[in-house]
Protein chains: 2
Amino acid sequence: MRPQSDSNNPRDLPSGENLDRDARALYDALNQLIRVHQFRDRDRICGYDLSVAQCYALETLVHQGPLRLQGLASEMYLDKSTASRVVDALVRKGHVDRVADPVDRRAALIRPTVQGEALYQTIRADLIAEERAMLEGLTPDMRQAALTLIRQLTQAAHRRCGPGPGTLSSVEDET
Amino acid sequence: MRPQSDSNNPRDLPSGENLDRDARALYDALNQLIRVHQFRDRDRICGYDLSVAQCYALETLVHQGPLRLQGLASEMYLDKSTASRVVDALVRKGHVDRVADPVDRRAALIRPTVQGEALYQTIRADLIAEERAMLEGLTPDMRQAALTLIRQLTQAAHRRCGPGPGTLSSVEDET
DNA sequence: CATTTACGTTGCAGGTACCAACTAAGCTGC
DNA sequence: GCAGCTTAGTTGGTACCTGCAACGTAAATG
């Protein structure tokens with residue numbers, strides 16, 4: 001439906017024509033990247049007796065501080081019932097605990113335990129080591145560019161993804 | 001908490017020190033990106049009465065042509081039993097079919113039906129439109145750079161993580 | 001031909017996910 | 001204060017995804 005104006009030099013086009021082609025390429029590339037990371041993370045995290053969802057929840061709690069269940073669910077794009085069960089599992093394993101919210105006795109604040117925080121840091125260090133290995137083949141310039149681009153892509157996707165309840169904004173950290 | 005070797009000048013270091021920091025940043029950025037995409041894909045694909053795994057299988061079959069179950073499982077980093085069930089679902093929905101392998105009567109070749117191929121193209125077009133919208137804010141140069149980097153990251157991760165659970169073949173590493 | 005190996009399916013167990021229904025607690029209106 | 005509604009979280013039910021183990025069948029090997 002979008003005819004490639006191949007009569008002209010395809011490199012000089014003002015970013016209108018190649019957009020489709022780049023979009024296709026990006027879709028495929030991102031697909032690959034996401035799948036590889038997904039499975040790598042899963043296998044690696046399972047070695048620590050955590051599921052991926054549990055690890056994600058723990059990570060969210062470590063980063064965002066104590067959260068109510070609803071907040072955690074929003075942050076994870078999950079139903080509150082699913083979040084509840086994930087928290088159950090983490091409580092059973094001793095990685096988080098529920099404390100009564102002082103201002104609302106219906107609510108419970110969920111926060112990582114010392115053990116949970118330590119476990120998360122261990123896993124994080126492990127995964128970061130993987131990223132580190134991947135980055136070793138890139139020049140510092142390229143690494144910076146990669147970061148910038150990935151963040152922009154995330155921002156764009158997040159904006160479009162629409163009503164993200166918690167609006168996770170934990171992207172910006174050390175410069 | 002990581003001991004920064006601050007006794008030295010951090011600006012002159014030959015990319016050894018900043019590597020850690022970049023690795024951390026990459027981990028976080030990739031995390032965000034993957035999550036956003038994951039949920040976006042899930043919601044979007046579910047609108048077509050396909051699960052993500054089913055869509056991934058269909059995509060693999062469309063891209064790679066007819067595959068045996070084992071090949072599909074390897075491609076998806078899944079156990080063959082899981083792949084079998086995913087294929088079951090796709091067969092039930094009429095998106096793929098199994099044909100007997102002419103040279104091996106144990107095996108079955110799985111291939112998309114016309115309907116399955118059409119469905120995949122529809123979904124793909126939909127998802128690509130999303131990527132396209134995301135790319136609109138980037139310059140052509142940045143888009144190219146993003147592609148290159150994402151592919152390199154994928155390559156690196158793929159090399160490191162190796163094949164998934166269901167894979168027994170295709171990894172002859174002679175030690 | 002018997003054994004071994006490979007392909008795929010099925011049984012089992014556990015995780016993930018949603019919706020809907022439920023309990024408990026807060027908040028309104030009277 | 002107590003109905004009645006809303007909100008926070010839990011639980012039941014259902015369905016899917018996933019891997020491991022155990023099969024049946026077919027090919028390969030001796």
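Note on naming: letters A, B, ... go to the chains in the order of the sequence lines (proteins, then strands), and numbering restarts at 1 for each one.
Rounded to whole Å, atom P of C:dT9 lies 6 Å from atom CG of B:Asp88. A:Asp97 has its CG atom 15 Å from the P atom of D:dG9, to the nearest Å. B:Gln38 places its CD atom 12 Å from the C1' atom of C:dT16, with the value rounded to the nearest Å. Between the CG atom of A:Leu78 and the C1' atom of D:dC16 there is a distance of 15 Å, rounded to whole Å. Whole-Å rounding puts the A:Arg42 CZ to C:dG14 C1' distance at 13 Å. Atom C1' of nucleotide C:dA25 and atom CZ of A:Arg98 are separated by 17 Å, given to the nearest angstrom. Atom CG of A:Leu69 is separated from atom C1' of D:dT10 by 9 Å (rounded to the nearest Å). Atoms CZ (A:Arg68) and P (D:dT7) sit 12 Å apart, rounded to a whole Å.
A cation-pi arrangement, defined by a distance under 6.0 Å to the six-membered ring centre and an angle within 45 degrees of its axis, is present between B:Arg35 and A:Tyr56.
Proximity note for B:Ala107 (side chain, C-beta onward) versus C:dC7, D:dC17, C:dT9: the nearest is C:dC7. Taking the side chain of A:Gln54 as heavy atoms from C-beta on, and the options C:dT9, C:dC19, C:dT16, the nearest nucleotide is C:dT16.
Using modelled atom types, one side-chain atom of A:Thr113 and one backbone atom of A:His95 make a donor-acceptor pair closer than 3.5 Å. With hydrogens and angles disregarded, a donor-acceptor distance shorter than 3.5 Å links the side chain of A:Lys93 to the backbone of A:Asp49.
With rounding to the nearest 0.5 Å, the separation of CG in B:Leu69 from CZ in B:Arg98 is 7.0 Å. To the nearest 0.5 Å, atom CD of residue B:Glu59 and atom CG of residue B:Leu127 are 8.5 Å apart.
With hydrogens and angles ignored, a donor-acceptor pair under 3.5 angstrom links the side chain of B:Ser81 to the base of D:dC20.
For the OP1/OP2 pair of D:dG19 and a distance below 4.0 Å, the side-chain nitrogens and oxygens of B:Thr82 include at least one atom meeting the criterion. Side-chain N/O atoms of A:Ser84 include one lying less than 4.0 angstrom from OP1 or OP2 on D:dT10.
Under the 4.0 Å criterion applied to side-chain N and carboxylate O atoms, A:Arg124 and B:Asp28 are assigned as salt-bridge partners.
For the pair B:Leu109 and A:Val52, both in contact range of DNA chain C, the more 5′-proximal nearest nucleotide belongs to B:Leu109.
Within the nucleic acid shown, B:Ala89 has no heavy atom closer than 4.0 Å to any nucleic acid atom. Among the protein residues, B:Arg85 comes within range of the nucleic acid bases, having at least one heavy atom under 4.0 Å from a base atom. If you check every strand for non-hydrogen atoms under 4.0 Å, B:Ala83 touches nothing.
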Handout entry: Per-nucleotide protein contact string for nucleotides 23-30 of chain D (B base, S sugar-phosphate only, - none; heavy atom under 4.0 Å)
Key = ---BS---
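Taking the six-membered ring for Trp and the full ring otherwise, the centers of A:Tyr27 and B:His37 sit at least 6.0 Å from each other.
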